[in-house]
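The structure under discussion appears below in the form of structure tokens.
FYI, side chains are in, hydrogens and waters are out, and symmetry mates aren't considered; it's all heavy atoms of this structure. From a predicted model like this one, the values you see are computed outputs, not experimental measurements. Per chain, numbering begins at 1; letters A, B, ... match sequence-line order.
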Number of protein chains: 2
Amino acid sequence: MLTERQLLILETIIQDYTDVGRPIGSKALERQLPVHVSSATIRNEMSVLERLGLVNKEHSSSGRVPSLKGYRYYVDNLVKPDATDKQTLESIRTSFGSQFFKSDEILAESAQILSEMTNYTAIAFKPESSDVFLQGFRVMPMGKQRVMVILAMSDGTVESQIFNLPKHINGEELEAMVRVINDQVVGLPIAQVVNKLHESIPLLLHYVHQPRGFLDVFGKILDKAAQDQFFIGGKLNLLNFVENGDIDQIKTLYSLIDRYDDINDLIGNSGENIQVKIGNELTNSSLANYSLISATYDVDQHGKGLIALLGPTNMPYSKMIGLLGTLREELASRLLDYYNLYDE
Amino acid sequence: MLTERQLLILETIIQDYTDVGRPIGSKALERQLPVHVSSATIRNEMSVLERLGLVNKEHSSSGRVPSLKGYRYYVDNLVKPDATDKQTLESIRTSFGSQFFKSDEILAESAQILSEMTNYTAIAFKPESSDVFLQGFRVMPMGKQRVMVILAMSDGTVESQIFNLPKHINGEELEAMVRVINDQVVGLPIAQVVNKLHESIPLLLHYVHQPRGFLDVFGKILDKAAQDQFFIGGKLNLLNFVENGDIDQIKTLYSLIDRYDDINDLIGNSGENIQVKIGNELTNSSLANYSLISATYDVDQHGKGLIALLGPTNMPYSKMIGLLGTLREELASRLLDYYNLYDE
DNA sequence: ACTTAGCACTTGGCCTTGTTGAGTGCTAAG
DNA sequence: CTTAGCACTCAACAAGGCCAAGTGCTAAGT
């Protein structure tokens, strides 16, 4: 167990390192600590902290730097979320603006706001789509033998795909088929749509010889919709924390952050309210200098989503955790407004 | 006017610099030139080229490097497009795959192929959209007082927007209004759609008090469609030619290349078949180390488009110009197939 | 038993100095 | 016009010296 003074020293080292980014020595600490003790005493205390693995030296005669374990200890035991001041709250609310027509826009805006306020990179995931349902389904002729299938989801997203019709089918048959499909699937949660359609194959055989082609289209469209579930703000900010001139690292980071699977892996949501992953706790080794704070948000019966902030390991955790806490509430309330408007 | 030998030396300097990226000295040239002359002679010739501004020294006793003027001279007078060999052509064709359903996909694929073959960054612009017309127009109810408007273009793109209905309007009135609008604008080139609708305002007043809201939606959607007219492949390759560790330059480049206006400025199409812009001929100073080769492609009555390649100033111009020439023909032919399929 | 002053030691960063290799311009002879 | 020879230049690199900030340890003070 650490003494009060050791806790204080650890905390001060972390805060100072956050500010200046250079190792902190005993004399510098002597000046900063609220209680006065000599630098020699501080040196003794620091060597205890070092033995515990909470701080490191960069070389044998350098000052101390928080270790990942030190950050972990700090985040688990010492950090207290900063209360978000009124001005910040106000500025979040004005940034959000007044009215949204698509839930995607709300998410994208959240990521944007978060990245602008922090100068880090923000990621916003849509609420689990279990309650997004198929709002409508239209077919539009494109030339003689081709049609465009348009699917609209209840969250305002639209997916479309063109494909060729079998030769024998004519306009009326198509109309009839569309009506059948409409009856079967409109209003269903998107995850169920493809299953339901598979059940209806016997019915569809009246109209098309190979209904699988049709079903593939649905499958493909819905897959795509499921992939498009996150929004990123401040991608460029990632670059601020790359070791100088390491182009390869930049490339790795950029290809990482564009892919849904990788991002998803990265966050590996444990279901906790607010979760902090530090340095090597992130799966990808290019992210050794980064930490990720993620927070779930809750839109009542519409499911849970997640927002996350990716910044340097030495970010000001109290401030960021506080901010993320505020933003998730604002985001949830916007989404709730959105859904309520829609339910009426 | 340059002598044969001077031309040969200039050309060799450029080719060698393309390979190794370091200044070329008289002895190195002595080894490489097809005709044998002593290094002293070469030194004399090089000092002539330097007086003409075609080559530079990096410092008083370094070898020579082609100047931008040198590249310009080379591109204007010496370069001959390499014939694309059969293997390359074959690999372009297989990369294109067999079938596309949206013209956007063809463009995106072109940019992708071009960037992969060159390891540079490729940009593909859609043909001028003058002959893209509004294929269809659908309205889909979303809850009680909101509808989603979906516009499908003849090139397979779809735009959608949700908006609130005025309170007094009911389903039947909406249907009627949709029919009116459909009659007026479906089949028109998108540029004319908004104008035509403005003419129809008196007609629309039967159904809505403020038809402008409706028209804004169209305007906004069509604007968006006009903006989305380019595709980029190999963005990350830009990083390969950044001076080591200049994070700021990276940021500038990245924000440049995401914006339609900037890209458009950059290319500033002169209408020439193939056009090369070198270093400071590009408007943006972050691109001093880059050259841009652009080529128009021609899809007969469907208009002209443009593909471009952004790489380092010391790229192998002959090879790249040859490749771009081939790719533009392949691209044009794909697009032509696409349109013909559609026109049938 | 804890705290502190003092001291010898370590290290990265910065500056200076020397060396080397590739290159240059110039001169004089072929 | 071409070429060999020579004195000179410069970037890149390595080696050495110095400094500031820091450390661990010891011995004395409370």
Side-chain angles (χ1 to χ4, degrees), chain A residues 1-10 12-17 19-67 70 243-245 314, chain B residues 1-10 12-17 19-67 70 243-245 314:
Chain A
M1 199 49 210
L2 297 183
T3 67
E4 275 303 309
R5 192 166 64 192
Q6 285 159 355
L7 289 176
L8 188 59
I9 289 176
L10 177 60
T12 312
I13 289 177
I14 288 179
Q15 279 163 7
D16 201 43
Y17 189 63
D19 286 347
V20 303
R22 270 174 278 119
I24 321 301
S26 53
K27 283 182 196 152
L29 269 179
E30 185 180 13
R31 267 175 266 120
Q32 290 194 33
L33 284 181
V35 284
H36 185 265
V37 282
S38 77
S39 63
T41 308
I42 294 173
R43 281 202 287 284
N44 292 332
E45 296 286 41
M46 287 202 291
S47 76
V48 175
L49 292 178
E50 184 169 9
R51 220 169 304 127
L52 293 172
L54 298 172
V55 297
N56 286 325
K57 286 185 282 196
E58 293 192 341
H59 56 85
S60 75
S61 75
S62 83
R64 301 310 207 286
V65 166
S67 68
E243 347 221 333
N244 223 350
N314 65 334
Chain B
M1 199 47 209
L2 298 183
T3 67
E4 275 302 311
R5 193 165 64 191
Q6 284 159 355
L7 289 176
L8 189 58
I9 288 176
L10 177 60
T12 311
I13 290 176
I14 288 179
Q15 279 163 5
D16 202 44
Y17 189 62
D19 286 345
V20 304
R22 268 173 280 121
I24 321 300
S26 53
K27 282 181 196 153
L29 269 178
E30 186 179 12
R31 267 175 266 121
Q32 290 193 34
L33 283 181
V35 283
H36 186 267
V37 279
S38 79
S39 63
T41 307
I42 295 173
R43 280 201 287 284
N44 291 332
E45 296 287 42
M46 287 202 291
S47 77
V48 175
L49 292 178
E50 184 168 10
R51 220 169 304 124
L52 294 172
L54 298 173
V55 297
N56 285 326
K57 287 185 281 195
E58 292 192 340
H59 55 86
S60 75
S61 74
S62 83
R64 301 310 208 286
V65 165
S67 69
E243 349 220 329
N244 223 350
N314 65 334

Worksheet item: Would you say a side-chain N or O of A/Ser38 is under 4.0 Å from OP1 or OP2 of C/dT4?
Response: yes
Worksheet item: Could you give the CD1-to-P distance, from A/Ile9 to D/dT23, as a whole number of Å?
Response: 11 Å
Worksheet item: When the distance from CD of A/Glu30 to P of C/dG6 is rounded to whole Å, what number comes out?
Response: 13 Å
Fill in: Closest listed nucleotide, where the reference is the side chain of A/Ser61 and the choices are C/dA22, D/dG22, C/dG25
D/dG22
Discussion item. Does A/Lys57, at its NZ atom, have more than 12 non-hydrogen atoms belonging to other residues, nucleotides or ligands within less than 6.0 Å?
Written reply: yes
Worksheet item: Between D/dA21 and A/Lys57, is there an OP1 or OP2 to side-chain N/O distance shorter than 4.0 Å?
Response: no
Response to the item:
Scanning both residues in full, the closest heavy-atom pair of B/Ile42 with B/Ser26 reads CD1-O, 3.8 Å
Worksheet, complete the sentence: d(B/Ile9 CD1, B/Ile14 CD1) to nearest 0.5 Å is 12.5 Å
Discussion item. Can you measure B/Ile42 atom CD1 to C/dG23 atom C1' for me and round it to whole angstrom units?
Written reply: 13 Å
Worksheet item: Side chain of B/Ser60: nearest nucleotide among D/dG24, D/dT9, D/dT3?
Response: D/dT9
Worksheet entry | Straight-line distance of A/Leu33 CG to A/Ser39 OG, nearest 0.5 Å | 11.0 Å
Worksheet entry | For the student: nearest non-hydrogen atoms of A/Arg64 and A/Ile13, plus distance | O-CG2, 4.1 Å
Discussion item. Rounding to an integer number of Å, can you tell me how far B/Asn56 CG sits from C/dT24 P?
Written reply: 13 Å
Discussion item. Tell me the interatomic distance from B/Arg22, atom CZ, to D/dA11, atom C1', rounded to whole angstroms.
Written reply: 13 Å
Practice prompt. Return the nearest nucleotide to the side chain of B/Val37; candidates are D/dT3, D/dG24, C/dG25.
Written response: D/dT3
Discussion item. Between B/Thr41 and D/dT3, is there a contact of a side-chain N or O with OP1 or OP2 at under 4.0 Å?
Written reply: yes
Worksheet item: What's the NE2-C1' distance between A/His36 and C/dA5, to the nearest Å?
Response: 12 Å
Practice prompt. Calculate the interatomic distance between B/Asn44 atom CG and C/dG25 atom P; express it in whole Å.
Written response: 8 Å
Worksheet item: Can you give the dot-bracket line for DNA chain C, using ( ) for pairs inside the strand, [ ] for pairs that cross earlier ones, | for pairs with another strand and . for unpaired bases, where Watson-Crick and G-U count if both distances are under 3.5 Å?
Response: ||||||||||||||||||||||||||||||
Item to complete: Among the candidates C/dT24, C/dT11, D/dG22, find the nucleotide nearest to the side-chain atoms of A/His59.
Response: C/dT11
Worksheet item: Within the structure, does a side-chain N or O atom of B/Arg64 lie under 4.0 Å from either OP1 or OP2 of C/dT24?
Response: yes
Practice prompt. Find the distance between CG (B/Leu10) and CG (B/Leu8) and round it off to the nearest 0.5 Å.
Written response: 9.5 Å
Worksheet entry | Spacing between A/Leu29 atom CG and D/dG22 atom P, to the nearest angstrom | 9 Å
Worksheet item: So, is A/Arg31 close to the D/dA21 phosphate, meaning a side-chain N or O under 4.0 Å from OP1 or OP2?
Response: no
Worksheet item: Given C/dG23, is OP1 or OP2 found less than 4.0 Å from the side-chain N or O atoms of B/Ser26?
Response: no
Worksheet item: Does a nitrogen or oxygen in the side chain of B/Arg43 sit under 4.0 Å from OP1 or OP2 of D/dC6?
Response: no
Item to complete: Provide the closest heavy-atom pair for B/Tyr17 versus B/Val65 in the form atom of the first, atom of the second, distance.
Response: CZ-CG1, 3.9 Å
Response to the item:
Comparing nearest nucleotides in DNA chain D, the 5'-proximal residue of the pair B/Glu58, B/Arg5 is B/Arg5
Worksheet, complete the sentence: Closest non-hydrogen atoms of B/Glu30 and B/Val37, given as atom of the first, atom of the second and distance, are CG-O, 3.4 Å
